[in-house]
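Values below: all heavy atoms of this structure, side chains included; hydrogens, waters and symmetry mates excluded.
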Amino acid sequence: MRKSPTREYFYLGLTALIAFLWALPMLWVMLLSLKSNETLRQSSSNLFVPYPLTLENYQTLFQVSETSRWLLNSFIVSASMTILTLVSSSLAGYALARINFFGKKSFFLLFLSGMMIPEQAILLPLHSIFSEWDLHNTYTALIFPHLAVPFGVLLMTQFFQAIPRELEEAAELDHASRFKIFFTIILPLSQPALTTLGIFTFLYAWNDFLWPLVSATESRMYTVTVGLSSLQ
């Protein structure tokens with residue numbers, strides 16, 4: 001039964017309203033950033049477009065700090081972590097979903113148990129390891145500790161299990177190797193899961209504050225979250 005156009009427009013309008021309310025705090029902050037300090041001292045609760053417009057706050061930010069370098073660091077760390085996480089999670093998920101090997105269930109439970117361990121619990125061991133290897137203040141230290149993503153492995157495993165095995169069996173009849181099946185059949189069908197995992201990973205890496213705060217002690221290696229915090 002086809003939905004009426006009125007109902008579709010209603011749902012579309014409701015979705016747009018919810019999206020606007022979700023974006024309202026960000027819009028508020030952007031408008032406040034365009035106000036002069038004198039105007040902000042008077043009031044910071046006005047949502048109207050500030051007048052006159054000023055870019056003085058942004059000019060000062062880039063003049064007194066290494067913000068450009070911090071943004072570059074955040075992009076490098078987030079993009080690298082996203083790519084490497086997609087590769088490792090998809091390979092591990094495919095192995096757990098399709099390949100039978102000794103200790104498979106125990107291995108999967110071990111992955112899941114990683115979701116119960118908070119990041120703060122392994123902060124000291126991570127710091128000691130990377131300090132021993134003299135890797136602090138490097139991209140390696142900022143990227144590699146978060147490549148083991150139990151959520152990513154779980155997501156890809158569940159998605160791969162939902163793909164019909166008949167597709168792989170047909171490819172095996174044509175003498176396709178395991179890697180060829182994975183790269184030419186499984187991965188193209190996994191774009192929704194890969195996109196979801198990529199978005200979550202990039203946002204997590206971009207917003208991460210605790211580990212970069214511990215690992216990056218030199219301002220040139222700050223990510224944007226740590227860098228902006230240091231300006232306070």
Side-chain angles (χ1 to χ4, degrees), residues 71-119 122-123 125-127 129-130 133 135-165 167-172 174-212 214-216 221 223-225:
L71 288 170
L72 178 62
N73 290 342
S74 287
F75 179 78
I76 292 175
V77 171
S78 301
S80 301
M81 192 182 301
T82 300
I83 294 173
L84 293 175
T85 297
L86 290 178
V87 172
S88 61
S89 296
S90 58
L91 289 173
Y94 182 71
L96 291 170
R98 286 293 194 260
I99 302 176
N100 294 320
F101 55 90
F102 177 76
K104 175 180 175 179
K105 291 184 178 180
S106 301
F107 198 64
F108 186 59
L109 291 175
L110 180 63
F111 265 107
L112 294 182
S113 64
M115 300 179 66
M116 299 184 293
I117 302 175
E119 179 183 0
I122 60 174
L123 194 62
L126 279 177
H127 180 272
I129 292 173
F130 281 88
W133 292 344
L135 288 176
H136 284 309
N137 294 305
T138 65
Y139 290 123
T140 301
L142 293 174
I143 295 170
F144 275 75
H146 295 304
L147 292 185
V149 186
F151 170 75
V153 176
L154 174 63
L155 176 65
M156 298 310 300
T157 300
Q158 297 300 316
F159 190 88
F160 289 150
Q161 287 177 343
I163 297 177
R165 289 181 178 270
L167 296 175
E168 297 174 73
E169 293 172 355
E172 290 174 355
D174 292 332
H175 305 287
S177 64
R178 177 74 70 176
F179 277 100
K180 185 175 182 179
I181 293 174
F182 176 72
F183 286 108
T184 60
I185 297 177
I186 301 300
L187 279 187
L189 294 175
S190 306
Q191 290 184 9
L194 291 172
T195 302
T196 301
L197 179 59
I199 292 174
F200 275 108
T201 303
F202 189 90
L203 291 177
Y204 170 79
W206 186 273
N207 293 323
D208 189 24
F209 177 79
L210 184 58
W211 175 245
V214 173
S215 180
M221 290 306 300
T223 58
V224 68
T225 53

Side-chain contact test, heavy atoms from C-beta onward, threshold under 4.5 Å: evaluate it for Val224 versus Phe75 and give yes or no. no
Measuring from atom CG of Leu123 to atom CG of Leu210, what distance do you get when rounded to the nearest 0.5 angstrom? 5.0 Å
Tell me whether the rings of Phe179 and Phe183 are parallel (<30°), tilted (30 to 60°) or perpendicular (>60°). parallel
Does the side chain of Leu71 come within less than 4.5 Å of Ser74's, by heavy atoms? no
Residues passing the side-chain hydrogen bond (donor to acceptor under 3.5 Å, both in side chains) test with Thr223, sequence neighbours excluded, are Thr225
Taking the side chain from Ser88 and the backbone from Thr85, do they hold a donor-acceptor pair closer than 3.5 Å? yes
For Ala97, check side chain to side chain contact (heavy atoms under 4.5 Å, CB included) against everything at least two apart and list the hits. Thr157, Phe160, Gln161
For Ser106, check side chain to side chain contact (heavy atoms under 4.5 Å, CB included) against everything at least two apart and list the hits. none
Identify every side-chain donor-acceptor pair in residues 137-154 under 3.5 Å, counting partners at least two apart or on other chains, and give the distances.
residue, atom, partner, partner atom, Å
Asn137, OD1, Thr217, N, 2.7
Asn137, OD1, Thr217, OG1, 3.4
Asn137, OD1, Glu218, N, 2.9
Asn137, ND2, Thr217, OG1, 2.9
Thr138, OG1, Leu135, O, 2.3
Thr138, OG1, Ala141, N, 3.3
Tyr139, OH, Asn73, OD1, 2.6
His146, NE2, Asp208, OD2, 3.2

Donor-acceptor pairs under 3.5 Å, side chain of residues 185-200 to any protein atom, not counting sequence neighbours: which ones?
residue, atom, partner, partner atom, Å
Ser190, OG, Ile186, O, 2.6
Thr195, OG1, Gln191, O, 2.7
Thr196, OG1, Pro192, O, 2.9

side-chain hydrogen bond (donor to acceptor under 3.5 Å, both in side chains) involving Ser215 - partner list, sequence neighbours excluded: His136
Spatial distance of atom CH2 (Trp211) from atom NE2 (His127) [nearest 0.5 Å]: 7.0 Å
Can you list every salt bridge (charged side-chain N to carboxylate O under 4.0 Å, His left out) pair that touches residues 88-111, not counting sequence neighbours? Arg98-Glu168
Partners meeting side chain to side chain contact (heavy atoms under 4.5 Å, CB included) with Ala176 (sequence neighbours left out): Ala171, Lys180, Ile181
Does Phe209 CZ have over 12 foreign heavy atoms under 6.0 Å away? yes
Please name all residues satisfying ring pair (Phe, Tyr, Trp, His ring centres under 6.0 Å) with Phe182, sequence neighbours left out, ordered by chain then number. Tyr94
